Amino acid sequence: MSNPASPPGVGLLDEGPAALTFPPGFLWGAATAAYQIEGAVAEDGRTPSIWDTFSHTPGRTVAGHTGDVACDHYHRMPADVRLMADLGLKSYRFSVSWSRVQPDGAGPANQRGLDFYRRLVDELRAYDIEPWLTLYHWDLPQPLEDAGGWPARDTAGRFADYAQLVADALGDRVNHFTTLNEPWCSAFLGYGSGVHAPGRTNGTDALRAGHHLMLGHGLAVRAVRASRPGAQLGVTVNLYPVTPATDSPADADAARRIDGLMNRFFLDPILRGSYPTDLRADLRGVTDFGHVRDGDLAIISTPLDQVGVNYYTRHVVSAGTGPAEPGPSPWPGSEDVRFVSRGIPVTDMDWEVDAPGLLETLQRVHREYTDLPIYVTENGAAFVDEVVDGRVDDTDRLAYFDAHLRAAHAAIDSGVPLKGYFAWSLLDNFEWAWGYTKRFGMVRVDYDDQARIPKSSARWYAEVIRRNGLAAQ
Ligand code: IFM
């Protein structure tokens, strides 16, 4: 039976083999992050991270929402893993809270914090769900921010120590490690526009932060490899195709600049061992790159085993004609560029739904940067959900996943070594500065009583996983 409420071509799969089959062993997963779901922020020795401080600062998040309780996953973990097993997930991507396992960001491990992740991993393995561990999903221990945060070089070294501590403790049961999640957000939203923790607004600091995040990544790869030689190591970057709004040379240049800051700022150092020349020139008025020391780029480009791509939408840009937008910008040196909306359907984040952009992105990474296995480590959409008779029929989210999985399949067909896909997100959760007002989950969370309701998209995804493919369109 196909789902009558679904748009044409999208629905629960009919009986019989899937029409669009993924390669055998394709890793189907779902992703979350520690601060967005765990809660229990002051339990078992955990100390505050920059997101605790930021979310508790008046005016920083919508309605003052914090991650204090979130999805209470810290206490409900076994039931949440059962839910994953019910959906048939082959892998679960989660992040470790640095402040939970190494309070204060330095010094000895906090055993009680590590025990939580040990129990989580063992629970996953009991259901044959491959654990995929992200070391850093934005929650820097507050003492490290007080010591200078990511703009300070020392933070990279602290991150490598923490990575080693986690690998030593969990590497016997975790094979897949991602160092950083979306370093663009940590650097440019955290230290540039200030809409993310720690809320600082200095373009030069944002660029330093970006460099030290990458340095920390490279050092962490070396530390984890030394601890666990067989581990599969990678990084996750959030990439956007950047398209000029018109065919004017000025718009083309605006697109080149934003592509430089958004995509190539990370891809080039990590996968080619250099910063793009044009980007260095664009940034002349913001930094002299004096924070880049001899040998840094060799560390940053330490060989990896896989590359993670998070994809949500495309940027369409035009050259600014008037004064720059007021307020701090996440685009140092390119504050004048305008972001244009095309009037096509958007999600509840106001992000345009652009599935071909995923195909373009995956092909570009493979063509221009790497032959390594690629994983889509996040893809998904926030929509306003309605509970009717205890059910959530989220056809818009389901259609988003369906369209993007078709794009992922097309990428594989065209030769991209795409090995897996993680839906964002398993659960509705704390969407950073938006608090709980945006829902990305395949599973609804009722924040009053913490009830979980798998939405239509979750049931559909379970069927996609079971069949290893999609219905004919
Ligand atoms: O919720 C975030 C996640 O933490 C990182 N990637 C984007 C998601 C949606 O904004």
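Numbering of ligands and ligand atoms starts at 1, following listing order. Count residues from 1 along the sequence. Just so you know, these numbers come straight off a predicted model, no measurement behind them.
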Heavy atoms from other residues, nucleotides or ligands near CH2 of Trp434 exceed 12 (cutoff 6.0 Å):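 No, CH2 of Trp434 has 12 or fewer neighbouring heavy atoms, counting only those of other groups under 6.0 Å.
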
Atom-level proximity to ligand 1, residues with heavy atom under 4.0 Å: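 Around ligand 1, where the cutoff is 4.0 Å for heavy atoms, the contacting residues are Gln36, His137, Trp138, Asn181, Glu182, Tyr312, Trp351, Glu378, Trp424, Glu431, Trp432, Phe440.
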
Matching residue for Glu38 among Arg100, Arg76, His73 - test: side-chain hydrogen bond (donor to acceptor under 3.5 Å, both in side chains):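 Result: among Arg100, Arg76, His73, Arg100 is the only option passing the side-chain hydrogen bond (donor to acceptor under 3.5 Å, both in side chains) with Glu38.
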
Derivation and outcome, side-chain contact (heavy atoms from CB on, under 4.5 Å), residues His75 and Glu43: CA-CA 11 Å; His75 300 119; Glu43 271 180 56; 2.8 Å; yes

Test side-chain contact (heavy atoms from CB on, under 4.5 Å) applied to Cys185 and Val195, Leu180, Asn238, the passing residue: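 By the side-chain contact (heavy atoms from CB on, under 4.5 Å) criterion, Cys185 pairs with just one of Val195, Leu180, Asn238: Asn238.
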
Derivation and outcome, side-chain contact (heavy atoms from CB on, under 4.5 Å), residues Ile129 and Glu123: CA-CA 9 Å; Ile129 300 172; Glu123 200 73 20; over 6 Å; no

Counterpart residues, ring pair (Phe, Tyr, Trp, His ring centres under 6.0 Å), relative to His366 (two or more places apart):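 For His366, no residue satisfies ring pair (Phe, Tyr, Trp, His ring centres under 6.0 Å) once neighbours in sequence are set aside.
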
